[in-house]
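A short write-up of the structure that comes next.
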Amino acid sequence: MADKRDLYEVLGVSKTASADEIKKAYRKKAKQYHPDVCKEDHAEEKFKEVQNAYDILSDDNKKAAYDRYGHAAFEQGAGGFGGGAGGFGGGFGFEDVDLGDIFGSFFGGGGGQRTKRSGPTRGEDRFVQLQIDFMDAIKGKKTELKINFDETCSHCNGSGAKTPDDLQTCSKCNGTGTIRTQQRSPFGTFVNQSACPDCHGTGKVVKEQCDHCKGKGYSNKNITVELNIPAGINSHQQLRVQGKGYRGTQGGPNGDLYVEIVIKPHPHFVREGRNITIVVPISVVDATLGCEIDVPTVNGDVSMKIPEGIQSGTTLRLKGKGVKDLRGDTYGDQFVKVEVKTPTKLSREEKDLYNKLKKLEKKGSIFDQFKKGFKS
């Protein structure tokens with residue numbers, strides 16, 4: 001028990017976290033440590049730790065038990081709740097009591113024995129990332145994603161049996177999927193339920209295996225998933241592909257595939273939601289006299305008037321020249337930040353012209369006017 005981490009710490013949530021916050025944290029951690037994605041050492045162990053934490057904290061009864069007794073609520077022979085050591089002498093009259101009934105009576109779970117589901121169970125959702133170019137996110141595109149996929153066997157429908165008659169009720173557990181064993185503790189005799197070793201908790205055994213999947217109930221293959229990336233999608237938004245997640249059990253459907261979009265940065269355009277920002281350089285002459293330029297936008301070049309006397313750092317707006325809204329036909333804006341570039345190399349003729357211009361300044365230089373403000 002000393003080496004087991006706090007379940008709330010595993011998911012990175014507080015003890016007052018809501019069910020939605022716990023679920024959201026679980027999805028994030030499961031995606032982070034899933035062996036198909038994470039290449040860190042002990043990724044599989046961390047993934048199982050996350051799965052176990054969510055299994056307990058997402059169940060109201062289990063969560064209440066954990067909050068009150070910690071890990072001891074789910075262990076036998078640990079010297080705590082359900083343990084066999086700790087110095088307590090004798091029993092307390094709790095003979096042949098199901099541990100599930102104990103928790104049910106403490107926390108309002110209604111009592112009754114808890115059995116593992118033995119019917120068709122939906123598979124877990126799968127999360128992957130896909131990196132796309134900046135302009136593909138703006139314009140949208142169709143692309144393909146190759147994944148490794150467990151497809152339910154079409155011949156046995158995931159049962160693993162050659163014929164429906166070859167799928168029989170387990171004789172060891174009588175189809176319940178669980179085995180009940182008794183264990184004595186300081187509190188009396190408790191009944192522990194565990195998965196049946198013959199049917200592995202399914203309640204069914206296969207008499208003769210399916211020839212096509214060799215009794216596995218599925219076939220593993222590399223498949224190509226077609227993705228339609230909508231125009232205007234942003235980084236970290238997800239596309240859902242139904243039925244392409246992890247396989248279900250006992251003929252249950254696969255989970256869904258969630259593709260998180262990651263957008264490569266553009267060398268000039270910067271995106272903020274539906275708006276685009278770009279820095280455009282102009283000369284001192286154009287800034288002074290004003291001009292008209294063709295500005296690059298995500299939707300093609302657009303003519304824009306630069307007013308005379310514009311200052312470096314001034315931002316102009318091109319309305320409706322930004323990113324398309326995912327939910328409609330409206331567009332964001334493009335903001336053009338003007339950067340006045342001072343020439344570093346001048347020809348003799350250019351230098352003469354600048355000297356003549358300097359002599360024409362009647363009120364002195366801009367700096368001279370600035371210094372006048374400091375004279376008493």
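Values in this document were obtained by computation on a predicted structure and should not be read as measured data. Computed over heavy atoms, backbone and side chain alike; hydrogens, waters and symmetry mates excluded.
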(message) Walk me through whether Val340 and Thr314 qualify under side-chain contact (heavy atoms from CB on, under 4.5 Å).
(response) CA-CA 10 Å; Val340 179; Thr314 300; over 6 Å; no
(request) Might you work through the side-chain contact (heavy atoms from CB on, under 4.5 Å) test for His266 and Val298, ending with a clear yes or no? (result) CA-CA 11 Å; His266 191 275; Val298 293; over 6 Å; no
(request) Determine, using the 4.5 Å side-chain heavy-atom cutoff (strictly less than), whether Val323 and Leu318 are members of one ILVMFWY cluster. (result) yes
(request) Report the residues that fulfil salt bridge (charged side-chain N to carboxylate O under 4.0 Å, His left out) with Lys63, sequence neighbours left out, ordered by chain and then residue number. (result) Asp67
(message) Please tell me whether Tyr33 and Phe47 form a close aromatic pair, meaning their ring centres lie under 6.0 Å apart.
(response) no
(request) Flag the pair Glu151 and Arg247 as a salt bridge only when some basic side-chain nitrogen lies within less than 4.0 angstrom of an acidic carboxylate oxygen. (result) no
(message) Using every non-hydrogen atom in the two residues, find where Thr16 and Glu21 come nearest and quote the distance to one decimal.
(response) O-OE1, 4.5 Å
(request) Considering only NZ, NE, NH1 and NH2 on the basic side and carboxylate oxygens on the acidic side, decide whether Asp256 and Lys244 come within less than 4.0 Å. (result) no
(message) Looking at Glu40 and Lys46, is any side-chain nitrogen of the basic one under 4.0 Å from a carboxylate oxygen of the acidic one?
(response) yes
(message) Could you tell me if Arg27 sits above the aromatic ring of Tyr258, with its cationic atom closer than 6.0 Å to the ring centre and no more than 45 degrees from the axis?
(response) yes
(request) Give a yes or no on whether Tyr246 and Leu145 share a hydrophobic cluster (residues Ile, Leu, Val, Met, Phe, Trp, Tyr; joining criterion: side-chain heavy atoms under 4.5 Å apart). (result) no
(message) Below 30° counts as parallel, above 60° as perpendicular, anything between as tilted: where do the rings of His71 and Tyr66 land?
(response) perpendicular
(request) Return yes when atom NZ of Lys351 has more than 12 non-hydrogen atoms of other residues, nucleotides or ligands closer than 6.0 Å, and no otherwise. (result) no
(message) Grouping I, L, V, M, F, W and Y whenever their side-chain heavy atoms are under 4.5 Å apart, do Leu257 and Ile233 come out in a common cluster?
(response) yes
(message) One thing to verify: whether Lys207 and Asp166 come together as a salt bridge, which I'm taking to mean a side-chain N less than 4.0 angstrom from a carboxylate O.
(response) no
(message) Is the terminal nitrogen or CZ of Lys321 (NZ for Lys, CZ for Arg) located under 6.0 angstrom from the six-membered ring centre of Tyr331 and within 45° of that ring's axis?
(response) no
(message) Tell me if the CD atom of Gln168 is crowded by more than 12 foreign heavy atoms within 6.0 Å.
(response) yes
